Amino acid sequence: MSQIKTEDMEVENPTVEMEEDEIVQEIDVYLSQQLAQHLYLFQYPIRTHNFGKNTGPTQARIKPKSQIFELDIPLETNAPTYNREKGEELGLGVNDDPFKTILDEKMGTKQTKTSLMNKQTLSSSFVPAQTNYMVGAFRNGALYMSPVRGAVQFRPSLKYLDKIDEKIKAANKKVIDEENKEVQTEEVRAKAIQVIPL
């Protein structure tokens with residue numbers, strides 16, 4: 001066994017330290033399970049700044065059984081760094097309007113105003129518990145503590161890209177179906193106009 005030399009070390013008297021650090025207030029602490037199933041810690045690992053007055057979530061969706069959350073965060077479309085052309089392109093995945101095809105132009109369908117990508121959707125992923133968190137609130141001179149169910153991290157969702165892809169496929173199918181109808185109509189006309197020589 002090794003021995004510790006205390007000759008050169010100053011040893012403070014623990015009783016003196018306790019006398020200087022006096023208790024200023026006693027608070028009753030209550031543990032509540034009432035909100036335990038509804039409290040989550042939200043983390044934003046790729047967000048570099050806090051939410052401001054106009055940059056906080058505008059909409060939220062939750063699937064309680066799956067513990068999946070989605071938040072819509074507004075984008076500053078008037079900012080000098082916002083790429084308007086790309087915003088219009090990606091805006092097609094934000095709304096439910098179908099893609100306009102060349103057939104729509106032939107039929108005289110009016111082009112609706114293009115949507116801008118004006119929001120970013122953040123989707124959550126559950127973080128395995130590394131420790132236990134609690135939330136506390138002071139009320140009437142007492143501290144009420146409740147455990148946090150878990151932590152979730154929010155990252156950008158790219159569902160709008162899937163939506164754009166679905167719209168392109170639907171528009172292509174519409175064009176192909178219309179072309180097939182025209183081919184079938186031409187065949188019927190060709191059969192009806194056959195001339196029999198005399």
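Here the structure is a predicted model, which is why all the values come from computation and not from measurement. Because only heavy atoms are used, hydrogens play no part in the values below, and waters and symmetry mates are left out as well, while side chains stay in.
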Of all residues at least two apart in sequence or in a different chain, which pass the side-chain contact (heavy atoms from CB on, under 4.5 Å) check with Tyr133? Leu41, Thr131, Val148
Minimal heavy-atom distance between Ile73 and Leu122, with the atoms involved, is CG1-CD1, 3.7 Å
Just verifying a value: how many Å separate Gln67 CD and Ser125 OG, rounded to the nearest 0.5 Å? 12.0 Å
Path from Phe138 to Val29 over hydrophobic side-chain contacts below 4.5 Å: yes
How long is the gap from CG on Leu143 to OG on Ser32, to the nearest 0.5 Å? 11.5 Å
Walk me through whether Gln43 and Phe154 qualify under side-chain contact (heavy atoms from CB on, under 4.5 Å). CA-CA 6 Å; Gln43 297 176 339; Phe154 285 90; over 6 Å; no
Closest non-hydrogen contact found for Pro74 with Gly56 is CD-O, 3.2 Å
Rounded to the nearest 0.5 Å, what's the gap from OG on Ser157 to CG on Leu71? Could you check? 11.0 Å
Students often mix this up, so state it plainly: with edges at 30° and 60°, are the rings of Phe51 and Tyr44 parallel, tilted or perpendicular? perpendicular
Would you give the length of the straight line joining atom CZ of Arg47 to atom CD of Gln153, rounded to the nearest 0.5 angstrom? 15.0 Å
Please answer: with hydrophobic residues joined when any side-chain heavy atoms are less than 4.5 Å apart, are Phe126 and Ile68 in the same cluster? no
How far apart are the closest heavy atoms of Thr77 and Arg84, and which atoms are they? O-NH1, 3.9 Å
Is it true that, when you exclude Gln120 itself, more than 12 heavy atoms of the residues, nucleotides or ligands shown sit nearer than 6.0 Å to its CD? yes
Please answer whether the main-chain N or O of Gly52 pairs with a side-chain N or O of Thr55 as donor and acceptor at a distance below 3.5 Å. yes
Would you name the heavy atoms of Ser124 and Val152 that are closest together and state the gap between them? CB-CB, 4.0 Å
Would you say that more than 12 heavy atoms from the other residues, nucleotides or ligands in this model lie under 6.0 Å from the CG of Asn83, or not? yes
Is there a path of hydrophobic side-chain contacts, each under 4.5 Å between heavy atoms of I/L/V/M/F/W/Y residues, joining Tyr30 to Leu39? no
If Ile, Leu, Val, Met, Phe, Trp and Tyr residues are connected whenever their side-chain heavy atoms lie under 4.5 Å apart, and connections chain through other members, are Met117 and Leu161 in the same group? yes
Applying ring-ring contact (aromatic ring centres under 6.0 Å, His included), which residue pairs with at least one partner in residues 67-90 are found, sequence neighbours left out? Tyr40-Phe69, Phe42-Phe69
If I take atom OG from residue Ser146 and atom CD from residue Gln33, how far apart are they, to the nearest 0.5 angstrom? 6.5 Å
Lys/Arg N to Asp/Glu carboxylate O, Glu70 vs Lys159, below 4.0 Å: yes
Looking just at side-chain N and O atoms, do Asp72 and Thr121 make a donor-acceptor pair shorter than 3.5 Å? yes
Got a donor-acceptor contact below 3.5 angstrom from the Arg149 side chain to the Ala36 backbone? no
Looking at Lys86 and Glu89, is any side-chain nitrogen of the basic one under 4.0 Å from a carboxylate oxygen of the acidic one? yes
d(Arg155 CZ, Ile46 CD1) to nearest 0.5 Å is 6.5 Å
